[in-house]
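Per chain, numbering begins at 1; letters A, B, ... match sequence-line order. Note that the coordinates shown come from a computational prediction; the quantities given were computed from them, not determined experimentally.
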2 protein chains.
Amino acid sequence: MALYLRTKKLDIEAGDDLVVLLNNKQAEQEGIKEGQKITIFYHQQVIYATVHQTDTEMETGELGMYSELWQTYDIPSGEILRVEIPERPDSIDYIKKKLLGYRLNKNEIYTITKDISNRRIKDIEVAYFMSSFFSPGFNDEEVVNIAEGMAAAGDIIDFTEGKKGTHVVDKHSIGGIAGKGVTPILVPIVSATGLLIPNTSTRAITSPAGTSDILETVMPVAFEDGEVQQIVKKENACMIWGGSLKLAPADDVMISVERSLHAQSFNKLVASIVAKKIAMGINHVLIDIPYGKGAKVKDAEEANKLGEKFVEIFEKVDIDCFPFKRLIKGTDGLGIGPNLEMRDVLRVLERDELRPKFLEESALQMAGKVIEMGKKAAPGKGYEMARSILESGKALEKFWAIGKTQGATKIIKSEEIKPGEYIKEVVADFDGKISFVDNKMIVRIARALGTPFIKQAGIYFHKTLGDNVKKGDRLMTLYSVGNERVEDGYSIVDFKKLYNIT
Amino acid sequence: MALYLRTKKLDIEAGDDLVVLLNNKQAEQEGIKEGQKITIFYHQQVIYATVHQTDTEMETGELGMYSELWQTYDIPSGEILRVEIPERPDSIDYIKKKLLGYRLNKNEIYTITKDISNRRIKDIEVAYFMSSFFSPGFNDEEVVNIAEGMAAAGDIIDFTEGKKGTHVVDKHSIGGIAGKGVTPILVPIVSATGLLIPNTSTRAITSPAGTSDILETVMPVAFEDGEVQQIVKKENACMIWGGSLKLAPADDVMISVERSLHAQSFNKLVASIVAKKIAMGINHVLIDIPYGKGAKVKDAEEANKLGEKFVEIFEKVDIDCFPFKRLIKGTDGLGIGPNLEMRDVLRVLERDELRPKFLEESALQMAGKVIEMGKKAAPGKGYEMARSILESGKALEKFWAIGKTQGATKIIKSEEIKPGEYIKEVVADFDGKISFVDNKMIVRIARALGTPFIKQAGIYFHKTLGDNVKKGDRLMTLYSVGNERVEDGYSIVDFKKLYNIT
């Protein structure tokens, strides 16, 4: 059956789903039920949407569109569109097959990732698929197919202008640590060597700030495919938000389904990252795997396993991967929150004496390794090259060159970046040496202060890992834009959970 | 935080979910996002609903209610209700724990079943739980806790008026076979012996008609708890639709989530049935397990396993269970579809010569066994008692006694029941003996004819299992209420898939 319905924009946001509203009688006539998916044809696009029904809000012949639908596909009111009831998607049978413990072949997996990408299957069905990452699980070949299938369902960008053998490098962290300063220091250093490094980052999901959130305090980060090509052509680098590109779009749907469970399996984490690197045409990637108490990865053994998994899966898609495993006992940087983290980054690039040394060291080690992977330095020589680029001021220069190409209107000095005006000092009631700072507690405090949405909110450490503390010492300053927020953050501070003191 | 919002009824049906519409600005102020759950307090009830947002359709201070919400809880417009953002439910952590392969204890399972029952957790999260029935799976103790937890979250009815030791019997089929005539024949026979048999049945989900659908052609089947107590007090039996009672309400949510996958694990099937029997205070139950090609259970081995599973789980909740396993090679009865199945039932009860003998035999065997379980006949003597009750006309009398107490306005004769006026004859183009009739094909044809929604639609077999057929013989008559429907059904008929001929 095919129906022809007249579109009507509605002002209702349903969340992640695309929803249409149909007249009850018409729906009944066509055998359509609430909650069912229908197919809408608009220009070249096939759109799958969930049906809600009404007696009075829609006339027969009308197709009410919730905000996400008409916004995503830019559909005006008054268009006559063809609407069909889709056949039951094969992907549902494949998901069932997996739940029953069978292996899925490439075709089956590509069908699933495609149907998730274009929202042909419902969130409930995606949840069944996501749960199968935990149990019964996927083998390496399946994970490779999932990653490739996710990439294939979206745009794949080639930055080499067709030149085979061009090194395209990147660095990616599995996350879980507060402080995202490494990437904005590493990208300018690496690109200063001439290497292609089209970096995409994320906004915060569970952390106080994503790399995109902190970059955005000083430069635009949201671009479309064509714009990114121009930026990278000019700067042989970019530092952009991956979410604005159509890279592996299945991942956005999967993440929204995983969010409610607050859990992601390692295979899913690997598949997502691999998919996005395929889509960006990366051929060498350093994967930052922080591990330790409070991190995503608990110990060295788990970090080794995950690192091997990354190497194996990346190898199967012809991407050279270096797992950079590091034991984490605190945060990356002294500032936490978008503005405070960007101030740390600029202090490192500007060679300011207040710069966080631990963050600088991490960034240099990773940058050095990436430079070696891109063959701009001999093995073991990358670190020195990275350090000399940083110390010479070339990294600072490159940071702002990329920033300006991305649309930053002016160069901002670290001292110009201001945290929130409402502050609260956290003072020690103990003596001893800080031998551990818990990232999870820091995240909770920063969230209460208002990060990542309030850019000026955050934490600045006066004492951190390795420091000796005396009773009465200032440990941290909490910043936000209102007194209640600052008090909220302060009320969560609990030294017993936050520190190990030796 | 607690908000006080003024309710406003909306005319939008979202399907299975309860949805509220909030003004965007207000939602943002309170940190509420689209797709999130909020808690609404109305009289003694705590209601969980999913948030949609709008700029213009709602004012600040208003709480738009989609139809399912105000209908289910009977909430008028203009009420000022307290609304809160719920804490993250513990059940999500327990579901995650299960997906990671751990066993769940009683408290964890009860928390999950309760949160599913009252819709505190989202359908996506329910899907994660349902997928864990497939993998990693639940052990018997967990299945018992799921069944008891499902029952405990709803109403539990006691029909014994507190008399300990009273036998309360029932029969339940795992389903999957076209033709639902057994129960409406069995209940009057068993209740004629004086046994308490408060039977609840379902409407069709995937079959041409559920037992409730066929009963409803001659008597009301939807009642509330108190009404059922009255019916059973008078008739020591009832034949009602379980869906109108609040028995194990988690099951309705689970079924709606399972529906999209078109699959149910055995443990889930067992848990659902056990939960509902606990809720109805049953202490002896016969479980009909049809098996064979095209059925839910493939072979005798699987039927034995499932039967043992039922016995074990029922034993742990102190219910005596008899698994009635039977090899199925065709349908139960000669008519398929609500009216045609009820005509079969009445023909058996009326001792009409056109009555389907196979259906009668199945009903008598099961009724006999149930009578023995309820100690009204010695082992091996139940069948004879059942047959004499049927042949004496007492079963017919009891059927209508129950029917009248349930509100039937008149006694209907089998000959008064008319199938649809549009017909199509299916004629054999082969010779041979029918040694198998495929239930799945029959279901597809019946569905195309319009069952279960069109009561007059259906199939009547002139030749069936065991019959010898000659080219040109009339095999089936297809009935519906329009020519297109009849042709639709006819177009699906495929003798190769429908029959085995020997």
(request) Specify the closest pair of heavy atoms between Gly337(A) and Pro208(A), including all atoms of both residues, with the distance to one decimal. (result) N-CB, 4.5 Å
(request) Drop me the distance from Leu261(A)'s CG to Ile124(B)'s CD1, to the nearest 0.5 angstrom. (result) 10.0 Å
(request) List the steps, then state whether side chain to side chain contact (heavy atoms under 4.5 Å, CB included) holds for Leu306(A) with Val270(A). (result) CA-CA 8 Å; Leu306(A) 182 59; Val270(A) 172; 3.9 Å; yes
(request) Look at Gly15(B), Gly35(B), Ala14(B) and state which one has the largest set of heavy-atom pairs under 4.5 Å with chain A. (result) Ala14(B)
Any idea which donor-acceptor pairs are under 3.5 Å between chain A and chain B?
unit_1, atom_1, unit_2, atom_2, d
Asp11(A), O, Thr54(B), OG1, 2.4
Asp11(A), OD1, Asp55(B), N, 3.1
Asp11(A), OD2, Thr54(B), OG1, 2.8
Asp11(A), OD2, Asp55(B), N, 2.7
Asp11(A), OD2, Thr56(B), N, 2.4
Asp11(A), OD2, Thr56(B), OG1, 2.5
Glu13(A), N, Gln53(B), O, 2.5
Glu13(A), O, Gln53(B), N, 2.8
Glu13(A), OE2, Asn24(B), ND2, 3.0
Asn24(A), ND2, Glu13(B), OE2, 3.0
Gln53(A), N, Glu13(B), O, 2.8
Gln53(A), O, Glu13(B), N, 2.5
Thr54(A), OG1, Asp11(B), O, 2.4
Thr54(A), OG1, Asp11(B), OD2, 2.8
Asp55(A), N, Asp11(B), OD1, 3.2
Asp55(A), N, Asp11(B), OD2, 2.8
Thr56(A), N, Asp11(B), OD2, 2.4
Thr56(A), OG1, Asp11(B), OD2, 2.5
Tyr66(A), OH, Tyr66(B), OH, 3.1
Arg88(A), NH1, His262(B), NE2, 3.1
Lys96(A), NZ, His262(B), O, 3.0
Ser131(A), OG, Ser131(B), OG, 2.4
Ser135(A), OG, Ser135(B), OG, 2.4
His262(A), O, Lys96(B), NZ, 3.1
His262(A), NE2, Arg88(B), NH1, 3.1

(message) If I measure from the heavy atoms of chain B, does Leu21(A) come under 4.5 Å with its side chain, its backbone, both, or neither?
(response) side chain
(message) With a 4.5 angstrom heavy-atom cut-off, is it the side chain or the backbone of Phe133(B) that approaches chain A, or both, or neither?
(response) neither
(request) Would you give the length of the straight line joining atom CD1 of Ile32(B) to atom CG of Leu22(B), rounded to the nearest 0.5 angstrom? (result) 5.5 Å
(request) Side-chain contact test, heavy atoms from C-beta onward, threshold under 4.5 Å: evaluate it for Ile95(A) versus Ile121(A) and give yes or no. (result) yes
(request) Side-chain contact test, heavy atoms from C-beta onward, threshold under 4.5 Å: evaluate it for Val83(B) versus Leu63(B) and give yes or no. (result) yes
(message) Looking at every non-hydrogen atom in both residues, tell me the closest pair between Ile38(A) and Pro86(A) and how far apart they are.
(response) CA-CD, 3.6 Å
(request) Indicate, with yes or no, if the rings of Phe266(A) and Phe134(A) have centres closer together than 6.0 Å. (result) no
(message) Under a 4.5 Å cutoff for heavy-atom pairs, which residue among Gly64(B), Ala127(B), Gly101(B), Gly137(B) has the most contacts with chain A?
(response) Ala127(B)
(request) Could you tell me which of Ile92(B), Ile12(B), Leu10(B) has the largest number of non-hydrogen atom pairs under 4.5 Å with chain A? (result) Ile12(B)
(request) Could you tell me which portion of Met130(A) (side chain, backbone, both or neither) has an atom closer than 4.5 angstrom to a non-hydrogen atom of chain B? (result) both
(request) Can you measure from CG (Leu5(A)) to CD1 (Ile40(A)) and round to the nearest 0.5 angstrom? (result) 8.5 Å
